Amino acid sequence: MAVDTTTAAPSHPEGGDGGGEAVRPLLSGAPAEEEEEELDIRYAPYARRDAYGPMGRGPLSSAQVARLVLAGVVLLPLRLIAGMLLVVAYYLVCRVCTLFAGGVGEGRPRLQGLKREAVLRAGRVLSRAMLFVFGFYWIPVSDRSFPNAEDVPKDHSEELERPGAIVSNHVSYVDILYHMSASSPSFVAKNSVSKLPLIGLISKCLGCIFVQRESRCSDSKGVSGAVTERLHEVSQDENSSMMLLFPEGTTTNGDYLLPFKTGAFLARAPLQPVILRYPYRRFSPAWDSMDGFANYMEVVRLPVYYPSEQEKQDPTVYASNVRKLLATEGNLVLSNLGLAEKRVYHAALNGLLCQS
């Protein structure tokens, strides 16, 4: 584990609502290339280092362009069609299993027995198939999910409490697909997701918590309360799916770990830490882009983390200790930046690229 000592630009700069103006005065007088390098240093967790370059607009060699054209003409349509067929197949499974089931209109179908098992199994199989379609042909998993007896607090030594959530670093939208293929968790989603064709019913069957993030009435306290309530439910009911939580709140380039929000830790429930890595040769999935042919992912499942009494009393300490564990085991650099700085960085880069 390493600690990032770079200094962030202000999250809420004076005289603006977050844009290139907040950063560029610090870099005035420098050529565009030097400005980009300075930005990459200041906002290292978000800097792009694959073949695409800044904001995906970097210069490409003729060979790379030819490779992209080939992938775009041949593989992209096939992958889109195959991906859509998999989504439709899962929707049909969910539609059949929710026939005559209660709770669909309320956002959480009440599925029991074989119907619930069919939804979960189909979700795992089809999610893995989707990963295969996207080029993740083999995913090595290092499973250290069984804790050593000496690592479990004494009050948990006789009967281990079920973890309420999976806590993972966040690198790509592919993260969710992997976790769905491994354990079919529920997760927090915008309320608009519940109304999407196909995806809406699927997310309801997974037991997602829907929040109106763009509304001032649905603040972080309300979301945290809903998550806490669900984590308590999961710990007490084996028929409830674990939640998938990304405490960083946004994605990084895969080399860093941002500060954790405490929402996942307020319930004082045990958590399942998981580390995702994306080794890449040309293109990194961290940027919503994937190589035209093969992609790579590595997974480390750590032992269930049982909070100490001190951690139960202070969710900030609990979050900090789990974050340090993930950083150490995943060889990730701790950074003090967050989503606000990410937006400033992207706005500044866009300003530079538009002028070049």
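Computation of the quantities below employed the complete heavy-atom set of this structure, encompassing side-chain atoms and omitting hydrogens, waters and symmetry-equivalent molecules. On a predicted model such as this, the values are computed, not experimentally measured, just so you know.
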Side chain to side chain contact (heavy atoms under 4.5 Å, CB included) filter on V299, not counting sequence neighbours, yields I139, V141, Y178, V274, L276, M297, R301
- Query: Any Lys/Arg nitrogen of E329 or R144 sitting under 4.0 Å from an Asp/Glu carboxylate oxygen of the other?
  - Reply: yes
### Task
Could you check if a side-chain atom of L271 sits within less than 4.5 angstrom of a side-chain atom of V304, using non-hydrogen atoms only?
no
Is it true that V300 and V167 fall in one hydrophobic cluster, defined by side-chain heavy atoms closer than 4.5 Å? yes
In short, salt bridge (charged side-chain N to carboxylate O under 4.0 Å, His left out) pairs touching residues 58-81 with sequence neighbours left out are R67-D291
>> Under 3.5 Å, is there a donor on one side chain and an acceptor on the other for Y52 and R48?
In response: no
Looking at the rings of Y318 and Y305, which for Trp means the six-membered one, are their centres under 6.0 Å apart? yes
| said: Taking the ring centre of each residue, are Y280 and Y296 less than 6.0 Å apart? | reply: no
**OP:** Treating Ile, Leu, Val, Met, Phe, Trp and Tyr as nodes and any side-chain heavy-atom pair under 4.5 angstrom as an edge, say whether L198 and L196 lie in one connected cluster.
**Re:** yes
Q. Side-chain donor-acceptor pair under 3.5 Å between N295 and Y137, yes or no?
A. no
>> Is there a path of hydrophobic side-chain contacts, each under 4.5 Å between heavy atoms of I/L/V/M/F/W/Y residues, joining L339 to L258?
In response: no
Self-check item: Short side-chain to backbone donor-acceptor contact, T262 and F265, under 3.5 Å
Solution: no
* Counting distance only, does the side-chain N/O of D175 pair as donor-acceptor with the main-chain N or O of V171 below 3.5 Å? -> yes
Between the CE atom in M180 and the CG atom in L120, the distance rounded to the nearest 0.5 Å is 10.0 Å
Exercise. Is the side chain of Q64 donor-acceptor paired with the backbone N or O of S61 at a distance under 3.5 Å, no angle test?
Worked result: yes
Quick check: do L111 and E117 have side-chain heavy atoms less than 4.5 Å from each other? no
Would V69 and F293 show up in the same hydrophobic cluster when neighbours are defined by side-chain heavy atoms closer than 4.5 Å?
yes
From the list M242, R124, H179, side-chain contact (heavy atoms from CB on, under 4.5 Å) partner of S184 resolves to R124
Is any side-chain heavy atom of M243 closer than 4.5 Å to a side-chain heavy atom of I209?
-> yes
Look only at the side chain of E341 and the backbone of G338, and say whether a donor-acceptor pair between them is shorter than 3.5 Å. yes
Rounded to the nearest 0.5 angstrom, the CG-OG distance for D255 and S335 is 11.5 Å
Here the side chain to side chain donor-acceptor pair (under 3.5 Å) pairs for residues 245-254, sequence neighbours left out, are T250-K342, T251-K342
Taking a hydrophobic cluster as the set of Ile, Leu, Val, Met, Phe, Trp and Tyr residues connected by side-chain heavy atoms closer than 4.5 Å, whether directly or through intermediates, do Y278 and F283 fall within one such cluster? no
Q) Between the main-chain N or O of T316 and the side-chain N or O of S320, is there a donor-acceptor pair closer than 3.5 Å? A) no
Legend entry - Short side-chain to backbone donor-acceptor contact, R162 and V234, under 3.5 Å: yes
Should the ring pair H346 and Y46 be called parallel, tilted or perpendicular, given that the plane angle runs from 0 to 90° and is split at 30 and 60?
perpendicular
